[in-house]
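Below is one structure, written out as structure tokens; the observations come after it.
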Amino acid sequence: MLQAWFIALVSFAYLGVLFAIAWYGDRRADAGRSIIASPTIYALSLAVYCTTWTYYGSVGRAAATGIGFLPIYLGPTLMMALWWFAMLKMIRIAKANRITSIADFVAARYGKSQLLGGLVTVIAVVGVIPYIALQLKAVSNSFTILLHYPEIVMPARAAALPLLQDSTFYVALIMAVFTILFGTRHLDATERHEGLVAAIAFESVVKLLAFVAVGIFVTFGIYDGFADIFARASLVPKLDALMSFSGNYSSWASLTFLSMAAIMLLPRQFQIAVVENVNENHLGRAVWLFPLYLLLINVFVLPIALGGLLHFGGGSIEGGVDADTFVLTLPMVHQQQALALLVFIGGLSAATGMVIVETIALSTMICNDLIMPIMLRWEWLGLSRSTDLSWQLLSIRRWAIVIILMLGYLYFRVAGEAYALVGIGLISFSAVAQFAPVIVGALYWKGGTRSGALAGLSAGFLVWGYTLLLPSFAKSGWLPSDFMELGLFEVTLLKPQQLFGLTGLDEIAHCLFWSMLANIGAYLGVSLLRQPNAREAGQATLFVDAFRGAQAPTGARFWRGSAQVRDLLPLIGRFLGPERAYEAFNQYARQRGVASVDELVADANLVLYAENLLSGAIGSASARVMMASVVQEEPLGLDEVMNILDEASQVRAYSRQLEQQSRELSAATRDLRAANERLKELDRLKDDFMSTITHELRTPLTSIRAFSEMLRDDPRTGLDERKRFLGIIVAETERLTRLINQVLDLAKIESGQAEWHTIEVDLRDVVLQSVDATSQLFKERDIELEVKLPPAVAPIPADRDRLIQVMINLLSNAVKFCVPGVGSVVVRLRQAGHELCVDVADNGPGIPKEDQAIIFEKFRQGGESSDVLTGKPQGTGLGLPISRQIIEHFGGRLWVESGTEPGKAGATFSFSLPLRTVRRNKAEEERA
Amino acid sequence: MNRSRLTGQRLAATFLLGCVLLNYPLLFLFNRGTDLFGIPLLYAYIFLAWAGLIALMAWVIEHRSD
């Protein structure tokens, strides 16, 4: 037996823990060390979505419809993938414009309209108050059930109890106090309630743990795992039906859609996701963590429902145990006192989390969008006398909280067990879904107007009321059911749940279809009747273009007029309190680099800053009215706004162009830098070349000069000696001439000025002629020469003399490197694929790998053939570079293969020339 | 801060995939009397698809480059 005082004690202890967390969170926030600056906390706080309707109600829904409870959680899972765009945009807009509620969001977008804000508030309040009543009912019912432990007693109709004995009344009061303590400590709602968020995240953990604990107890404690429950249930025909889908497809789709809208648009979700968001990067992890939470809290729903149905039988409300209470009653019938208490606390978590956040959100909306506009209009004189209204604003919010909870309690008293309460979750979702068209339009469409939004919302709200809310009243017996069965004024076409004869949909899908049709139709239709006016166009740009980053428009562009700091400061002070207003202005001055508030210039930016401060406190529409009262404004015409927007888009276009040009410029700079590097390299090469060539020229010159001087200065030189000297002089002169010729030759080839006489050449002839020309050399040095030619080869286009030059160069190189007497050179002509290939192979010392590349560079020679006398290799060092240039000119390659190991020594110089062109020419000739 | 375009496109694709997997007609291909390890096929399918989607979203988010 659990005593009432014990349950109450545990409950208060739990609430005390919550409050301690909130207090700690607030203190840490004040100290600048936020405990909620984590994506995980953000994702957990989003789970305020799961109320007692999830906690107790899912099982009830599963007991009635099988998997029909799932779309409510699948929709948000899908929507989270789109949060990346949509919610990020909402957060940015809300932060930039200090928007604190969904009503303010809609009002601000459509020209800061007080009427629109009020309408959204009314819809939200009407839609959500019954939902709050549901939470109160759940807490009170679970309390009553737990009180009778271990007996299972369904709570009596609450209305039967007098007010002061009704526990629900006290629950409502306690929650009101709690909400006031949590939610209205500061005025400016953009100063987030960090402690509250921490407490909500904690509650999300508690309710998940409690629910999973029951799930595990039922699945593995009472039964023997999932398969066991399903196997037993499948033996009962009625339960077997729950395990397959028997409902309507349209209801599945419409529930998915509804829950997708709800996760973005429910006032409490907006509060947690947008207003309380600390850092937009937290969205990232929430995208998958929040769906994971939903998955975990739903895994055990069907097993608990089936387990309860198996245990309690039918589960109808009148006879046995209500399926909505299975979560609590199943542990109770199995004598699990502690678990039952944990379940109760989990339910309390779900209820308090929802009630607190929802009530704070609603109280902000009621205060800013219903009461403020009325007060500003009717009690204008009274307001203007007061110098500090911030305290009044706070008390308005506190009273709003109390009134909302009392309205919730009242609804609960009146509705009781009636259908109007049981079905309220979805009815509530359908109401907030009416915000979807205007919000989507707010984010992505610049053409929506205030009248369009008003028309759409009103039409949708009216259809919702007629097709869903009134029927729920009728089903509860508060309204005559005639109009349900016969239609309004007995017109059959106006039957609320078969409007215009539409059948085949369940009531939710039916309502959703007609209300969305009316809503979207009116929103688009009326919006398109006229151009947006100046203010609507300006606000539309602020919202739709919010993602433009640094180029995003700011409201200051759309303001023109004159203002005085001495007017602005007191105005803000009246609503925020003088000190906080002064502090805010001081901060602005510091940001602007101005010494003090007195030196601030009241330009468009400051006016916008002030208006945003005020928006945070009293809503954007009322803030607009208040600002207009202290500053002289020149209203901008639509044309002017359009011009500004055009200007803005031109500026954007210019800036894009500039970016493009700067990119091109940096690319060009990069290219130039590379070119410069290359030029420097070439310059260095040229210097090298010059120094090498002068060196090369000086060597023969020195020797010519030395021998000439000897001839001149020493008349006693013998004739033989003179002849020898003259021979050397002639040889050196020839070497000099050869060198200069080659340098000129190379220069010509490299600069492209060489003359080429391209004719068809038979490579056999070229080889034979070159061999003839060098045969004397071979004989002199006693080196064997072998020539291997195929009987015939196809002619190729080339310059005959140039090819002979190459061949002679290769042959004389081979001779140079062979040891006289034992040396042998093989010349081979062969066809390889589409190329003709000539190899000149010697059996000299070979060329080391590291030298194989450099021998093709100018003035670089293989080291092995150094002249013993001068230490210089023989030759000019230009032969191979020139040969390579010649071969490459005809599209061929020149390369060397060599080994230096004993036995395999020797170098093979090869060149190849393509056959292709000739073949084609031949083919063409044949065709011709 | 500009959000990575690729991440956005991946998430949008995940959304579309989820819409297809968890709706008529694909969903109702699994609406038959058989079971998977003792768990009704439809029920098992929904939870597996759901978990798969979450895993996909987690992968996309945790591998974003920005």
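Sequence lines set the chain letters: A, B, ... in the order given, protein chains first and strands last, and positions in each chain run from 1. Quick caveat, the model's predicted, so the values are computed rather than measured.
- Note: B/Phe15 CZ to A/Thr77 OG1 = 11.5 Å, rounded to the nearest 0.5 Å.
- Proximity of B/Leu53 to A/Leu78: side-chain heavy atoms (C-beta onward) are separated by under 4.5 Å at one or more points.
- The most heavy-atom pairs under 4.5 Å with chain A, out of B/Gly18, B/Ala58, B/Ala51, come from B/Ala58.
- When all heavy atoms of A/Phe85 and B/Gly8 are compared, the pair lying nearest together is CZ-O, 3.1 Å.
- Proximity to chain B involves both the backbone and the side chain of A/Asn298, based on heavy atoms less than 4.5 angstrom apart.
- Separation of atoms CG (B/Leu16) and CG (A/Leu82) is listed at 8.0 Å; rounding is to 0.5 Å.
- Among A/Ile229, A/Leu74, A/Leu289, A/Thr256, the residue with the largest count of heavy-atom pairs under 4.5 Å with chain B is A/Leu74.
- Heavy atoms of B/Ile46 lying under 4.5 Å from chain A belong exclusively to its side chain.
- Using a 4.5 Å cut-off between heavy atoms, B/Ile39 touches chain A through backbone and side chain atoms alike.
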**Check against side-chain hydrogen bond (donor to acceptor under 3.5 Å, both in side chains), A/Trp84 and B/Thr7** = CA-CA 9 Å; A/Trp84 188 255; B/Thr7 307; 5.5 Å; no

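- Both the backbone and the side chain of B/Ile54 come within contact range of chain A, each with at least one heavy atom under 4.5 Å from a heavy atom of that chain.
- Minimum heavy-atom separation, A/Val299 to B/Tyr43: O-OH, 2.9 Å.
- Considering only heavy atoms from C-beta on, A/Trp83 stays 4.5 Å or farther from B/Leu11 through its side chain.
- The distance from the CG atom of B/Leu27 to the CD1 atom of A/Ile67 is 5.5 Å, given to the nearest 0.5 Å.
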